[in-house]
Amino acid sequence: MQDELQDKCGIIGIYSFEESVDVASWIYSGLYTLQHRGQESAGISVLKEGRINTHVGMGLVSDVFDKDLIDILNGNVGIGHVRYSTTGESLVENCQPFVEHEDDIIIAFAHNGDFVNSRLLREELVDSGFEFRSTTDSEVICHMIIDEYNKTKDAIDAIQNTCQKLIGSYSFVAVINGVLYAVRDPLGMKPLSLGRSDNFVVLASETVAFDSLDIEYERSIEPGEILEIDGKKETSHKMPTPNHTANCMFEYLYFARPDSIIFDKSVYEVRLNIGKRLAQEYPIDADVVIAVPDSSIPATLAYARESGIPYAEGLIKNRYVGRTFIMPTQKDRNTAVKLKMNTVESVLKDKRVIVIDDSVVRGTTSQTIIKMIRSAGAKEVHLLIGCPEIISPCYYGIAMATKEELLAVDRTNEEIRDLIGVDSIGYISIEGLVESIGTPRKDLCLGCITEEYPTIIPPELYDKEE
């Protein structure tokens with residue numbers, strides 16, 4: 001609908017060393033903490049006595065599952081998924097995990113990311129006789145693993161051979177013939193972490209899933225790693241990797257929960273660094289600094305501390321309106337923003353206000369928010385952004401606008417300022433962002449702000465953006 005970014009999904013995998021312990025309730029709890037990564041659908045698959053039991057559905061985790069369903073999903077190893085579509089429509093057929101039973105292989109598969117050559121690989125599979133029930137790139141990987149397994153009869157070889165053909169971002173968990181696997185792409189674009197207790201191994205997109213389960217965080221799955229978990233036996237296999245990574249910088253800015261550790265770094269600390277850097281790059285004489293809730297709150301707190309300008313809650317978020325709220329007309333979209341957020345007039349009236357947001361994509365939401373702040377009586381409004389200007393689409397799993405829709409394309413900051421309706425606007429510098437994250441620039445994916453992508457982008461995808 002609006003000026004929001006949407007990530008593809010969250011994944012979790014759990015292996016209990018006690019066969020009598022069912023993991024479905026643990027997966028459910030883990031998915032609940034990952035709900036921010038996708039609200040379109042949810043699913044759980046568990047293995048019991050050579051059979052994979054699965055339930056998927058549209059909506060939030062709490063909408064899809066109840067106690068009776070969790071009670072009948074029996075098994076000591078399983079995976080779960082919450083989805084926000086980037087490749088594939090919002091349909092129940094596209095819910096994950098995908099499950100396939102063939103003569104020699106039983107697989108449940110859940111994926112986060114997007115790879116840019118999915119159309120070509122799908123066509124090759126169709127030509128080989130594979131039938132698709134979904135429109136997602138995730139099912140492409142699932143079928144590829146089956147195809148390779150039929151040739152090699154070895155799950156590790158099948159995964160490695162499949163991954164060698166994929167161009168793009170992927171973290172996935174899979175249960176293949178009773179064994180749990182966790183895989184990250186060689187560039188490490190999407191996060192995937194490992195945690196454990198005495199009786200459980202848990203894999204999750206973010207470490208908040210471990211906190212809810214009282215599981216100790218151990219490490220990130222390495223880029224290009226295939227972790228094989230078969231009971232208490234764990235084996236790490238490595239695929240060929242380049243001499244750098246390409247961690248998605250938007251995971252730090254927006255997607256991940258602030259209480260998560262991703263890519264072995266604290267999201268909260270990175271956001272604090274961003275706010276401090278904004279204060280250094282944009283010292284503004286103002287009365288109050290406010291956040292566009294929720295992801296920009298840590299940066300706003302840090303800006304207030306560094307600048308000495310008081311922090312206040314000038315915008316209050318209605319958390320009962322989801323990220324996927326869609327309205328058909330511009331008037332309705334403006335109403336949707338107002339349903340999601342309201343102003344506190346006593347904080348804003350007659351004040352010089354600094355507003356901090358994590359990113360601006362199309363600018364439509366920002367325009368509406370600024371109008372609301374003006375209507376509440378603000379004397380001045382200055383907008384600071386914790387992300388540099390977005391000038392190109394993402395091809396790796398973030399549902400972003402086409403290039404022609406991006407606010408910062410072919411516009412000066414003065415033009416953007418006037419269009420949004422603020423007294424001034426400032427974006428954090430690329431150097432400031434990189435230093436705030438604390439990862440070398442060569443190890444980050446910054447394609448949407450530099451147009452320098454870490455992989456080849458097929459021409460047909462560029463053409464689609466024209």
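Every value quoted in this text rests on a predicted model; they were computed, and no experiment measured them. No hydrogens, no waters, no symmetry mates; every other heavy atom, side chains included, goes into these values.
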Mind checking whether H55 and F65 have ring centres under 6.0 Å apart? yes
Check the angle between the aromatic planes of F130 and H143 and answer parallel, tilted or perpendicular using the 30° and 60° thresholds. tilted
Between R257 and E251, does any side-chain N to carboxylate O distance fall below 4.0 Å? no
Side chain to side chain contact (heavy atoms under 4.5 Å, CB included) involving D22 - partner list, sequence neighbours excluded: N74
For the rings on Y252 and F263, is their centre-to-centre separation under 6.0 Å? yes
Does a side chain donor of either D358 or S295 reach within less than 3.5 Å of an acceptor in the other side chain? yes
Could you list the residues that satisfy salt bridge (charged side-chain N to carboxylate O under 4.0 Å, His left out) with E206, not counting sequence neighbours? R37
Could you pull out all residues at least two apart from K67 that satisfy salt bridge (charged side-chain N to carboxylate O under 4.0 Å, His left out)? D71
Note: E218-R196 ion pair, threshold 4.0 Å (strictly below): yes
Is the distance between the ring centroids of F172 and F109 under 6.0 Å? yes
Would you be so kind as to tabulate the donor-acceptor pairs closer than 3.5 Å made by side chains of residues 433-442, with sequence neighbours excluded?
residue : atom : partner : partner atom : Å
E435    : OE1  : R277    : NH1          : 2.5
S436    : OG   : N273    : O            : 3.4
S436    : OG   : G432    : O            : 2.7

Applying side chain to side chain contact (heavy atoms under 4.5 Å, CB included), name anything that partners I261, two or more places apart in sequence or on another chain. T207, Y217
Under 3.5 Å side-chain donor-acceptor pair for Y453 and S392: yes
Once side chain to side chain contact (heavy atoms under 4.5 Å, CB included) is applied, do any residues pair with E269, and if so which ones, sequence neighbours excluded? S266, L272
Which of L180, I156, V183 passes side-chain contact (heavy atoms from CB on, under 4.5 Å) with E228? Answer is I156
